[in-house]
Asks: 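Could you have a look at this structure, given as structure tokens, before my questions?
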There are 2 protein chains.
Amino acid sequence: MPDLLTIGELSARSGVAPSALRYYERLGLIRADRTGGNQRRYARVELRRVAFIRISQQVGVSLDEIREALDSLPEARTPSPQDWARLSASWRSRLNERIRLLTKLRDDLDGCIGCGCLSLQRCTLNNPEDTLAGEGPGARLVLPRPTDDPTLAGSLS
Amino acid sequence: MPDLLTIGELSARSGVAPSALRYYERLGLIRADRTGGNQRRYARVELRRVAFIRISQQVGVSLDEIREALDSLPEARTPSPQDWARLSASWRSRLNERIRLLTKLRDDLDGCIGCGCLSLQRCTLNNPEDTLAGEGPGARLVLPRPTDDPTLAGSLS
DNA sequence: CCTTGAGTTGAAGTCCACTTCAACTCACAC
DNA sequence: GTGTGAGTTGAAGTGGACTTCAACTCAAGG
């Protein structure tokens, strides 16, 4: 009735290597029952946990944070669709932020391709007389003032 | 006249740790002249190279590939803005692909939040009678047939 | 001169997410 | 009952991108 999966079956169905599944178990991300002969047997819910792990990794979340998130699932009952939805939703802003940063990087690159200045975030400010300044689709500042990231903010020539 | 930078100055102006700059040099990403006392002195063009390295890393390119790209710069003359523009442009499709994947992931997440199925790419297909199916902004397949990624494509329940 | 902060080196360490290995044991079809 | 493919363990290895360390030298102001 419980219809348990071997590690090979879970691996095949999740696309995650057995060694990775054992690693996840060591980190407390998933769990397994054991047969009399000490082999792992996974409940079907572990399939969802693995799916959540892989999705979260794509979002850019570390295994440590994923573990924390999974720890917030109710222990008493099988997690409901709403439980999973809550966890997934918790990565939304992170995902949006990553998308926003990459999009901004792309736009800045587009905007800077004409001048080749590579300074991004600054080239139009540093070259107010530039023929490309203030036109076209590129290099718009999205944030009020990105003073938080000094990495590439300095002058470069 | 050449106005060379010490490693500390390059570090301060690029936001990259001195140890990282030495590491980049070992990998052949940047170069430095030496003083009589064997200290590094960087030409200003290295500032651009470091900027290009950090930008490329944000795009998700490995140092090895960045080195290859930098190797394609002309050795005879100082790289022109057009040279830098060409290199930056070479990451464009990669950046677009990353943005596309993350955006798709977000839309899939949004689309799946109602059902909590976590299968993504498949939930609407697997649940044609789902009240959420076929509407809203989520879970649209962008590629003709993403058969390439079996990772989470299997059934999950 | 001399002090002091900045710079030099190679080797080793770190962190993350795994994979590989050797030496076993289990489960199941025949 | 036996062969075989699947599973077990802890320890060690991998790869990328650095950082840290110890032991030393350089450069520049007072």
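Within every chain, numbering begins at 1; the chains are lettered A, B, ... in the order of the sequence lines, protein sequences first and strands thereafter. Only a predicted model underlies this, so the values are computations on that prediction, with no experimental measurement involved.
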Asks: Which pairs of donor and acceptor atoms, one on a side chain in residues 4-12 of chain B, lie under 3.5 Å apart (sequence neighbours left out)?
Replies:
residue : atom : partner : partner atom : Å
B/T6    : OG1  : B/G8    : N            : 3.4
B/T6    : OG1  : B/E9    : N            : 3.1
B/E9    : OE1  : B/T6    : N            : 2.9
B/S11   : OG   : B/V16   : O            : 2.7

Asks: So, using side-chain contact (heavy atoms from CB on, under 4.5 Å) as the criterion, who are the partners of B/R98 when residues are at least two apart?
Replies: A/R98, A/L102

Asks: Can you name the atoms? Protein N/O to nucleotides 10-12 of chain D N/O, anything below 3.5 Å, with the distance.
Replies:
none

Asks: Send over the distance from B/L21 CG to D/dA17 C1', rounded to a whole Å.
Replies: 13 Å

Asks: Could you check how far CG of B/D33 sits from P of C/dG7, rounded to whole Å?
Replies: 16 Å

Asks: To the nearest angstrom, how far is A/E9 atom CD from D/dG7 atom C1'?
Replies: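 Those two atoms, CD and C1', are 12 Å apart.
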
Asks: Taking only residues two or more places apart in sequence or in another chain, which ones pass salt bridge (Lys or Arg N to Asp or Glu O under 4.0 Å) with A/R34?
Replies: A/E25

Asks: Checking contacts here: which listed nucleotide (C/dA17, D/dT9, D/dT19) is nearest the side-chain heavy atoms of B/A20?
Replies: D/dT19

Asks: Mind checking whether A/F52 and A/W84 have parallel, tilted or perpendicular rings, split at 30° and 60°?
Replies: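 Tilted.
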
Asks: Grab the CG-P distance between A/D64 and C/dC15 for me, whole Å please.
Replies: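 For the pair A/D64 CG and C/dC15 P, the rounded distance is 12 Å.
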
Asks: Between C/dC16 atom P and A/Q57 atom CD, what is the distance in whole Å?
Replies: 13 Å

Asks: Using side-chain hydrogen bond (donor to acceptor under 3.5 Å, both in side chains) as the criterion, list what pairs up with B/D83, not counting sequence neighbours.
Replies: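 Expected list: B/R77, B/S80.
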
Asks: Looking at residues at least two apart in the chain, or sitting in another chain, which of them share a side-chain contact (heavy atoms from CB on, under 4.5 Å) with B/D64?
Replies: B/S62, B/R67, B/E68

Asks: With B/N96, which residues qualify under side-chain contact (heavy atoms from CB on, under 4.5 Å), at least two apart?
Replies: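 Only A/R106, B/R92 meet the side-chain contact (heavy atoms from CB on, under 4.5 Å) criterion with B/N96.
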
Asks: Looking only at side-chain atoms of A/Y24, point me to the closest of C/dT8, D/dT19, C/dC18.
Replies: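 When the side chain of A/Y24 is considered, C/dC18 is the closest of C/dT8, D/dT19, C/dC18.
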
Asks: Which nucleotide in the list C/dC18, D/dA17, D/dT19 gets nearest to the side chain of B/S19?
Replies: D/dT19

Asks: For B/L27, what residues pass the side-chain contact (heavy atoms from CB on, under 4.5 Å) criterion, not counting sequence neighbours?
Replies: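 side-chain contact (heavy atoms from CB on, under 4.5 Å) list for B/L27, sorted by chain: B/Y23, B/L29, B/L63.
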
Asks: What string of B, S and - do you get for nucleotides 21-30 of chain C 5' to 3' if you count protein non-hydrogen atoms under 4.0 Å?
Replies: -----SS---

Asks: Would you mind classifying the nucleic acid contact of B/R40 as base, sugar-phosphate or nothing, using non-hydrogen atoms under 4.0 angstrom?
Replies: sugar-phosphate

Asks: Would you mind reading off the distance between A/I53 atom CD1 and C/dA17 atom C1', rounded to a whole angstrom?
Replies: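 Those two atoms, CD1 and C1', are 12 Å apart.
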
Asks: Can you measure A/E65 atom CD to C/dA17 atom P for me and round it to whole angstrom units?
Replies: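 Between P of C/dA17 and CD of A/E65: 10 Å.
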
